[in-house]
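Written out below as structure tokens is the structure these notes cover.
All heavy atoms count here, side chains included; hydrogens, waters and symmetry mates do not. Worth saying up front: this structure is predicted, and the values here are computed from it rather than measured.
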Amino acid sequence: TKDFDEDNLALEGDKVQGQIKFRKRLPGDVFETRGGRTKKLKEILIDEKIPKYKRDSLVIACDEAGIIYVQDLWLSKRVATDDHTKNTIYLRRYYEQGD
């Protein structure tokens, strides 16, 4: 099951630690992928050939334990939903219309 699409993100609510906050990437950020690997976010973005101009505009979702989601790319294994999920938190992307 995919935990996110263009406008929605599903998280295992019982695994989220504290409040969810949104920010841009910071030097030294690390991320745990669904495969359970922990790697520097900068290295992941380079390995995935994400263009430099896009890297600094990505929105990062974090809880008190660390990064849980990188915009449109990865959801942390730690908060991913599975067949045993009972408490799902849905985050929906909000769009502002320009003038």
Nearest heavy-atom pair of [X] and [Y]: which atoms, and what distance?
| X | Y | answer |
| --- | --- | --- |
| I50 | R55 | O-NE, 2.7 Å |
| L75 | A80 | CD2-CA, 3.9 Å |
| C62 | R23 | SG-NE, 3.4 Å |
| F31 | I67 | CD1-CG2, 3.2 Å |
| Q71 | S57 | OE1-O, 3.8 Å |
| T88 | A10 | CG2-CB, 4.0 Å |

So, are [X] and [Y] salt-bridged, with charged N and O less than 4.0 Å apart?
| X | Y | result |
| --- | --- | --- |
| K15 | D63 | no |
| D29 | K39 | no |
| D56 | K24 | no |

Heavy-atom side-chain proximity of [X] to [Y] below 4.5 angstrom:
| X | Y | value |
| --- | --- | --- |
| L73 | E48 | no |
| L45 | K52 | no |
| I60 | F22 | no |

task: Apply the test side-chain contact (heavy atoms from CB on, under 4.5 Å) to residues K21 and E64: give CA-CA distance (whole Å), side-chain angles for both, the deciding distance (0.1 Å), then the verdict.
output: CA-CA 9 Å; K21 297 181 181 181; E64 292 178 11; over 6 Å; no
field: Nearest-0.5 Å distance that lies between atom NZ in K77 and atom CG in D82
entry: 10.5 Å
- request: To the nearest 0.5 angstrom, please state how far the CG atom of L9 sits from the CD1 atom of I20.
  value: 8.0 Å
field: hydrophobic_cluster_shared for V59 and L11, side chain cutoff 4.5 Å
entry: yes
task: For the residue pair E12 and T85, confirm or rule out a side-chain donor-acceptor distance under 3.5 Å.
output: yes
message: Under the criterion side-chain contact (heavy atoms from CB on, under 4.5 Å), I'd like the reasoning laid out for V79 against Y69: C-alpha separation, chi angles, the key distance, then a yes or no.
response: CA-CA 9 Å; V79 296; Y69 175 69; over 6 Å; no
